[in-house]
Amino acid sequence: MTDMPTQAGDAAATHPRRVFSGVQPTGNLHLGNYLGAVKRFVEMQDEGLGETLYCMVDLHAITTWQDPAELTRSIRELAAAFMACGLDPKKSILFNQSQVAAHAELGWIFNCVARVGWLNRMTQFKEKAGKNRENASVGLYGYPVLMAADILAYQATHVPVGEDQKQHLELTRDIATKFNNDFGCPDFFPLPEPIIEGAATRVMSLRDGSKKMSKSDASDMSRINLTDDSDAIAQKIRKARTDPDPLPGSLEGLAERPEARNLVGIYAALADTTAEAVVAEYAGAQFGAFKPALADLAVEKLSPIAGRMREFLADPAEIDRILGDGAERAAAIANPIIDATYDKVGLLRSRPR
Ligand code: AMP
Ligand code: TRP
């Protein structure tokens, strides 16, 4: 991107620790979202090492067409899923992006900082826009700029995400660096660190080990949804594509076996252990033995989440109250940062809100 060197760890040196991440309310959460992101959100919340903000990024969701009534439902469902996974509105700020104006305000300023050449390199835009690029929304193209605004509106220092967001985090750091340079305010925006950790930062489709598990895959058998019941979870794992060989005795033996590697990674992440440990335990096992063990583990860890989600969803007014409260607390952090940003750019502050 820019030629400016960026160093991991710089944010921690310049700003107090603050964790921010976001998930799009575009339908059910799946196992990839859980293991790649939300499970880590909960751990970082419970570490208690600084504020944690978790956002439902509805403005990102509408970069592709969303049915309005369904979008509203998806926002509440995602809030329920967050809480069912262990996010606690007393410990973290849980809120909805469009309810805090700072995101859109800083997003516009960053549209004027980011360069077209930088966005042209974003692989997720190319994937999402596909062949029909001329017809993609301008919002989809600018999506990573709004993501930078989400993070930097809070001067966040740590961002837990799945592997697929790494390039967007690099862009965020480039935008922060350019803003700080252009307006002569070194260290105003931190260079946030991506936290891409765990045994399953890139969970693959259960039907095709070369594609990531995704909400948009036409086949429901390709993913485990957090709302799936025990039977569905077990059936999807039983039918997951694999090769005919037994599990190897070491990780190197998985190098050319994407489906096997994926199931081992899922097992490791669900069991809070490493892929090495799983391979050591199941060396030489056939999938006929490994899959039932994985299915039992997945049911044990995931099925209580669906039950808790239903309980939260039974009281939508309470969800709305929690999100309203979260938005107020989020705005209280972001507004002074936006005011300072306006000041640096030369825009007038003290706007009516
Ligand atoms: P999204 O649903 O695209 O908003 O993604 C929410 C979070 O889940 C992001 O941090 C993604 O990186 C993560 N994520 C999405 N799909 C996967 C996957 N297949 N494996 C691991 N992480 C994922
Ligand atoms: N782009 C992220 C995704 O699709 C979602 C997101 C939006 C996000 N804003 C963010 C993630 C800020 C982390 C921080 O998964």
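Remember, it's 1-based here, ligands and their atoms both numbered in the order they're listed. Quantities reported herein were computed from a predicted structural model and do not represent experimental measurements.
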For [X], counting its heavy atoms only, list the atoms of ligand 2 lying under 4.0 Å from any of them.
X: Val161; result: 11 (C), 13 (C)
X: Phe20; result: 12 (C), 14 (C)
X: Ser21; result: 11 (C), 13 (C), 14 (C)
X: Gln24; result: 4 (O)
X: His60; result: 7 (C), 9 (N)

Exercise for review: Would you sort out whether Met44 and Tyr54 count as a side-chain contact (heavy atoms from CB on, under 4.5 Å), showing the intermediate values?
Suggested key: CA-CA 11 Å; Met44 292 180 89; Tyr54 298 117; 3.8 Å; yes
Review point. Quick check: does Tyr143 get an N/O under 3.5 Å from an N/O on ligand 2?
Key: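 Such a contact does occur with ligand 2.
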Check your understanding: So is there a nitrogen or oxygen of Asp150 less than 3.5 Å from a nitrogen or oxygen in ligand 2?
Key ->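 Asp150 vs ligand 2: N/O contact under 3.5 Å present.
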Check your understanding: Using a heavy-atom cut-off of under 4.0 Å, does the side chain or the backbone of Val159 touch ligand 2, or both, or neither?
Key ->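 For Val159, the contact with ligand 2 is made by the side chain alone.
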Practice item. List the steps and the verdict of ring-ring contact (aromatic ring centres under 6.0 Å, His included) for Tyr154 and Phe189. Key: CA-CA 9 Å; Tyr154 302 91; Phe189 286 119; over 10 Å; no
Review point. What's the spacing between Arg261 CZ and Met204 CE if we round to 0.5 Å?
Key: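 One finds 8.0 Å between CZ of Arg261 and CE of Met204.
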Check your understanding: So how far is it from Ile224 CD1 to Asn28 CG, rounded to the nearest 0.5 Å?
Key ->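 Output value for this atom pair is 13.0 Å.
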Practice item. Using a cut-off of 6.0 Å, state whether more than 12 heavy atoms not belonging to Lys126 lie near its atom NZ. Key: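 Yes, because the 6.0 Å sphere around NZ of Lys126 holds more than 12 heavy atoms from other groups.
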Review point. Does Lys239 NZ have over 12 foreign heavy atoms under 6.0 Å away?
Key: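 No, the 6.0 Å shell around NZ holds no more than 12 heavy atoms from other groups.
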So which protein heavy atom does [atom] come closest to, and at what separation?
atom: atom 15 (O) of ligand 2; value: Gln165 NE2, 3.4 Å
atom: atom 10 (C) of ligand 2; value: Met147 CG, 3.5 Å
atom: atom 6 (C) of ligand 2; value: Gly22 O, 3.8 Å

Ligand-protein N/O pairs under 3.5 Å (ligand 1):
{"from": "ligand 1", "atom 1": "2 (O)", "to": "Asn33", "atom 2": "ND2", "distance (Å)": "3.2"}
{"from": "ligand 1", "atom 1": "2 (O)", "to": "Lys215", "atom 2": "NZ", "distance (Å)": "2.9"}
{"from": "ligand 1", "atom 1": "4 (O)", "to": "Gln24", "atom 2": "N", "distance (Å)": "3.0"}
{"from": "ligand 1", "atom 1": "5 (O)", "to": "Asn33", "atom 2": "ND2", "distance (Å)": "3.4"}
{"from": "ligand 1", "atom 1": "8 (O)", "to": "Asn33", "atom 2": "ND2", "distance (Å)": "3.1"}
{"from": "ligand 1", "atom 1": "10 (O)", "to": "Gly162", "atom 2": "N", "distance (Å)": "3.1"}
{"from": "ligand 1", "atom 1": "12 (O)", "to": "Gly162", "atom 2": "N", "distance (Å)": "2.9"}
{"from": "ligand 1", "atom 1": "12 (O)", "to": "Asp164", "atom 2": "OD1", "distance (Å)": "2.4"}
{"from": "ligand 1", "atom 1": "19 (N)", "to": "Val203", "atom 2": "O", "distance (Å)": "2.8"}
{"from": "ligand 1", "atom 1": "19 (N)", "to": "Met213", "atom 2": "O", "distance (Å)": "2.9"}
{"from": "ligand 1", "atom 1": "20 (N)", "to": "Val203", "atom 2": "N", "distance (Å)": "2.8"}
{"from": "ligand 1", "atom 1": "22 (N)", "to": "Gly32", "atom 2": "O", "distance (Å)": "3.1"}

Check your understanding: Are the side chains of Leu226 and Asn33 in touch, meaning some heavy atoms are under 4.5 Å apart?
Key ->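 Not in contact.
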Review point. Considering only heavy atoms from C-beta outward, does the side chain of Val161 approach that of Thr201 to under 4.5 Å?
Key: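 With C-beta onward as the side chain, the pair stays apart.
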Practice item. Could you please spell out the steps behind the side-chain contact (heavy atoms from CB on, under 4.5 Å) verdict for Phe287 and Leu263? Key: CA-CA 10 Å; Phe287 280 105; Leu263 295 186; 4.1 Å; yes
**Study point:** Exercise: do Gln24 and Tyr143 side chains pair donor with acceptor under 3.5 Å
**Key:**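 There is such a pair between these side chains.
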Exercise for review: Say whether, by atom type as modelled, one donor and one acceptor occur between the side chain of Thr242 and the main chain of Ala260 under 3.5 angstrom.
Suggested key: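 Absent.
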Practice item. Would you indicate which of Thr63, Val57, Ile151 comes nearest to atom 14 (C) of ligand 2 when only heavy atoms are counted? Key: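 It is Ile151 that holds the nearest heavy atom.
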Exercise for review: Output yes when Lys212 and Asp164 qualify as a salt bridge under the 4.0 Å nitrogen-oxygen rule, no when they do not.
Suggested key: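 A salt bridge is present here (some side-chain N lies under 4.0 Å from a carboxylate O).
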